[in-house]
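Below is one structure, written out as structure tokens; comments come after it.
Note that the coordinates shown come from a computational prediction; the quantities given were computed from them, not determined experimentally.
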Amino acid sequence: MRALGLMSGTSLDGIDAALVELEPRGEGYAVTVQRFISQPFDARLRERLEAALPPERGSTAAVAQLHADLGAAFTATAVAAIEGDRIDFIATHGLTLYHDGPRSTTLQIGRPYELRDELRASVVWDFRSADCALGGSGAPLVPFVDAIVFGSSEEDRVAVNIGGICNLTILPRGGTPNDAVAFDAGPGTILLDAFVRERTGEVMDFDGMLTSKGTVDESLLDALLADPYFALEPPKSTGREQFGRQILDAHRQTLGGLCVEDGCATLAAFTIRPLADAIRRYGARGARVILGGGGSRNPALVQMLRHALDDAPRIAQSDDFGISADAKEAVAFAILGYETLRGRPANLPRVTGARAPVVLGSIVPYELAVLLAKIGRETGGTRG
């Protein structure tokens, strides 16, 4: 089955598109990434998104227009990614405009109908709402994929994604997806990126050059780590509502007194310290840590994690397991889309807090009977 996974994350870098070949194998899949592209948002669209995202309060009209315009942007990225190749279906996460896990409230935008009509393929979207309807937080959902792609019968593993928000999945050796422990550890690169944009005009700390030259301000870091989110037990999830630009605003005077390198180092530590604490607390000693997400490409963050963990675990990139760290989440939603089309639950109640397992996503159909018949042939006629 050839699928296109589309993802836009909290960091607002743009849209990721992964063209993947999925071959069902038992309860999991053999995954081959055939093509991956990442398309940045144009400056005006990014400005409009930032004006609608927390802590800002966008109007209903602005949200409706963004829903349509993002749909067009996703479609343009999808067309560029497939390069005229045939695909069987599309799975799109969209972009999270609002998320309140404790209230089981979340909203992803990016109208899917242009995708269906332009690429002539069924689209699976709105993955989080079904979990929220059963009292879950709707996040994180990628741990289900972490378990079937990175789980091992031979060693304990921890799958980590450092995007705008940082999350982790604890995978005990020989475990099933339902044995996974997963949650958002805290901010990923969202604050580091925002700080760099403010102070330098660049979109991120490229190659960790600024962070690597800085010194952590421990007093400021202690103040940041006093956030009550870190004392919560999982299941838990977070987003811009908790760790958006308002954090920089609250500590602007102290940050303003730091050179840009020290500010970067401190905000990087605000990502890594909670992550390392979570790995030590919930992961098995000596577990292999598998990094994904854009933040995993920042050598300073990776080195900071090694130091925080005393180099005890083995740290690898998801690339070492056949899935680009940059493409990981787009690939994950392609797999989640296949699970939806198979009629199989793909949330993990232990992770999201939902009352029960549930089939995720809504389907925008295009010759759906043909697609489902092909899925039946690939899976031996089993659904659900």
Do [X] and [Y] pair up side chain to side chain, a donor and an acceptor below 3.5 Å, judged on atom types alone?
X	Y	value
S296	Q317	yes
Q108	T106	yes
Q39	D16	no
S129	D126	yes
T105	D100	no
N178	T176	no
R2	Q34	yes
T266	D217	no

Counting only heavy atoms not in [X], do more than 12 sit closer than 6.0 Å to its [atom1] atom?
X	atom1	value
R120	CZ	no
E218	CD	yes
R57	CZ	no

Looking at [Y] and [X], is any side-chain nitrogen of the basic one under 4.0 Å from a carboxylate oxygen of the acidic one?
X	Y	answer
E198	R252	yes
R342	E378	no
R111	E114	yes
D88	K374	yes
R35	E83	yes
D131	R355	no
D146	R157	no
K213	D262	no

* To do: Look at the aromatic rings of Y338 and Y29 and report parallel, tilted or perpendicular, splitting at 30° and 60°.
  => tilted
Could you tell me the separation between the [atom1] atom of [X] and the [atom2] atom of [Y], rounded to the nearest 0.5 Å?
X	Y	atom1	atom2	value
S104	R128	OG	CZ	13.0 Å
I90	L4	CD1	CG	6.0 Å
I170	I279	CD1	CD1	6.5 Å
L12	E50	CG	CD	6.0 Å
L336	L341	CG	CG	11.0 Å
D184	C166	CG	SG	8.5 Å

Is it true that a side-chain atom of [X] and a backbone atom of [Y] form a donor plus acceptor pair closer than 3.5 Å?
X	Y	answer
D326	G294	no
S8	G14	yes
S318	A325	yes

* Asked: Given a cutoff of under 4.5 Å between side-chain heavy atoms of I, L, V, M, F, W and Y, with clusters grown through shared members, what are the other residues clustered with I37?
  -> none
* **Remaining members of hydrophobic cluster (4.5 Å side-chain criterion), M204** => V203, F206
* With sequence neighbours excluded, what pairs up with A30 under the side-chain contact (heavy atoms from CB on, under 4.5 Å) test? -> E23, R25
* To do: Given ring-ring contact (aromatic ring centres under 6.0 Å, His included), test Y229 with F243 step by step and report yes or no.
  => CA-CA 10 Å; Y229 179 80; F243 293 112; 5.7 Å; yes
* Asked: Can you list the steps and then say if F270 with F230 is a ring-ring contact (aromatic ring centres under 6.0 Å, His included)?
  -> CA-CA 11 Å; F270 188 37; F230 301 115; 5.7 Å; yes
* Asked: Is there a chain of hydrophobic side chains (I, L, V, M, F, W, Y, each step under 4.5 Å between heavy atoms) that links V160 to M304?
  -> yes
* Verify same cluster id: V358, V351 (apolar side-chain graph, 4.5 Å) -> yes
* **E155 vs R173, salt bridge (Lys or Arg N to Asp or Glu O under 4.0 Å): CA-CA, chis, key distance, verdict** => CA-CA 5 Å; E155 63 179 8; R173 73 181 71 190; over 6 Å; no
